2 protein chains.
Amino acid sequence: MKISAQEEYGLRCLVQLANLGAGETLTLPQIAEREGISVAHAGKLLWLLNRAGFVNSTRGPKGGYFLSRPASEIRLNEIIKVLDEDVLSSHCESYTGVLEKCVHTGDCGIRPVIVGLHELVEHALGQVTLAALVDNEEKVDAMFHQIEGMVKRAQPRGLGQ
Amino acid sequence: MKISAQEEYGLRCLVQLANLGAGETLTLPQIAEREGISVAHAGKLLWLLNRAGFVNSTRGPKGGYFLSRPASEIRLNEIIKVLDEDVLSSHCESYTGVLEKCVHTGDCGIRPVIVGLHELVEHALGQVTLAALVDNEEKVDAMFHQIEGMVKRAQPRGLGQ
DNA sequence: TCAAATCCTTACTTTTTCGTCAAGATTGCG
DNA sequence: CGCAATCTTGACGAAAAAGTAAGGATTTGA
Ligand code: FES
Ligand code: FES
């Protein structure tokens, strides 16, 4: 269970753009330099983000990228959904084992773990906007710890033991 | 953010063993057949799990694998930790970008997201035991939704907008 | 004591993901 | 116009993850 390189660096590029003032833009070389990646790599990431509608771009001299919506209206779960291949829906179809023991009896112990984790992460990320990630570590940190506290306190019956 | 193949199939092998009665064992070919993977693949997974202390094995005829502890005492977060490479601690060291803007100012927006997600998942998985995954989908499902409800209700201030 | 069944270990191949390259298209400016 | 700065796009190469192969080691039982 880990975040992929594409998710991380795509998110980083968006944070760079979220730092801009009104009317400012960043070019690919600028983004690449700040994140320590090649211009080609930045180009690919921004292309994905452009296709998904998070950023807009203008070509030619004085061109560059900028967010297509205010950072406060972009939530991290949308970003992750775009940068990550969604293999969740087709997960059970690609399972290699005996499906009678898994799907058809409706009694699979694995599926709820995978689906549940995915939803848990999505809900958590849905509570954080891109604006929250701009120069403010403590707030984001506190937010996640608040959620963790909730999870710890949940103590569901009948599963712990 | 997705579960790796090694995590999933390692967990599946453990669930197979958790289904056994006292004194029963499963051989590699048996596990491989049930999960639809090759014997070699099952061998590798069980070797990892054996090394980590989750299973024991006996060699020779009538040999096989069995859980080294009761399934009710094995929590999923321990399992995932072993099957997944822990790159979390060294994450910041391998970052390619300008570290002054990230580590040294103590004002990185990315780190709390990555660390927070990781802890969130770990806490959630720490509440589920292997025994809960044995032939009982509904309970596990309900448990995750309970946690999700908590997360949704958390509504932290100052980040949502 | 031998042979068969089983696990153990290392090395290799395949597949997927990650990142690069190079050519093309669009825009602004003199 | 014509050049330079910029984004766009698809194909390619490198790295990591996933999975396979093969030979070795241990135990049981005839
Ligand atoms: S994993 Fe899809 S039903 Fe078991
Ligand atoms: S990612 Fe480690 S400090 Fe920014």
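In the text below, chain A, chain B and the rest are named by the order of the sequence lines, each starting its count at 1. Everything quoted here is computed from the prediction, not taken from an experiment.
- Contact between the side-chain N/O atoms of B:Tyr65 and the OP1/OP2 oxygens of C:dC8 is found at a separation under 4.0 Å.
- Between B:Val39 and A:Pro61, it is A:Pro61 whose nearest contact on DNA chain D lies nearer the 5' terminus.
- Both B:Leu28 and A:Ser4 sit near DNA chain C, but only B:Leu28 has its closest nucleotide nearer the 5' end.
- Here A:Trp47 reaches the OP1 or OP2 of D:dT9: one of its side-chain N or O atoms lies under 4.0 Å away.
- Nearest nucleotide to the B:Ala5 side chain, out of D:dG24, D:dA18, D:dA4: D:dA18.
- A:Leu26 comes within contact range of the sugar-phosphate backbone alone, with a heavy-atom separation under 4.0 Å but no base atom that close.
- The interatomic distance linking A:Glu85 (CD) with C:dT16 (C1') rounds to 11 Å, in whole Å.
- For the pair B:Ser57 and C:dC7, the criterion of a side-chain N or O lying under 4.0 Å from OP1 or OP2 is not met.
- Summary of the strand contacts: A:Tyr9 and A:Gly60 both lie near DNA chain C, and taking for each the nucleotide with the nearest heavy atom, the more 5' one is attributed to A:Tyr9.
- Of the N and O atoms on the side chains of A:Ser90 and A:Glu93, not one donor lies less than 3.5 Å from an acceptor on the other residue.
- Between B:His41 atom NE2 and D:dG19 atom C1' the separation is 6 Å, expressed in whole Å.
- Phosphate contact (OP1/OP2 of D:dT8, side-chain N/O of A:Asn50, threshold under 4.0 Å): present.
- Summarising the geometry, the separation between CD on B:Gln6 and P on C:dT15 is reported as 19 Å, rounded to the nearest angstrom.
- Within 6.0 Å of atom CD in B:Glu33, 12 or fewer heavy atoms from other residues, nucleotides or ligands are found, so the atom counts as exposed in its surroundings.
- Nucleic acid contact for B:Gly64: sugar-phosphate only, since backbone atoms but no base atoms lie under 4.0 Å from a heavy atom of the residue.
- Closest non-hydrogen pair, B:Val55 versus B:Ser68, comes out as N-OG, 3.7 Å.
- Across the interface with DNA chain D, nearest-nucleotide mapping of A:Lys2 and A:Lys44 shows A:Lys44 to be the residue nearer the 5′ end.
- Judged by distance alone, with hydrogens and angles left aside, B:Lys62 brings no side-chain donor or acceptor close enough to the base of D:dG29 to form a pair under 3.5 Å.
- Between B:Thr27 and C:dC7 there is no side-chain polar atom (N or O) within less than 4.0 angstrom of OP1 or OP2.
- Between the side chains of A:Glu35 and A:His41, no donor N or O sits under 3.5 Å from an acceptor N or O.
- Remark: B:Arg111 fails to qualify as a cation-pi partner of B:Tyr95 under the 6.0 Å distance and 45° angle criteria applied to the six-membered ring.
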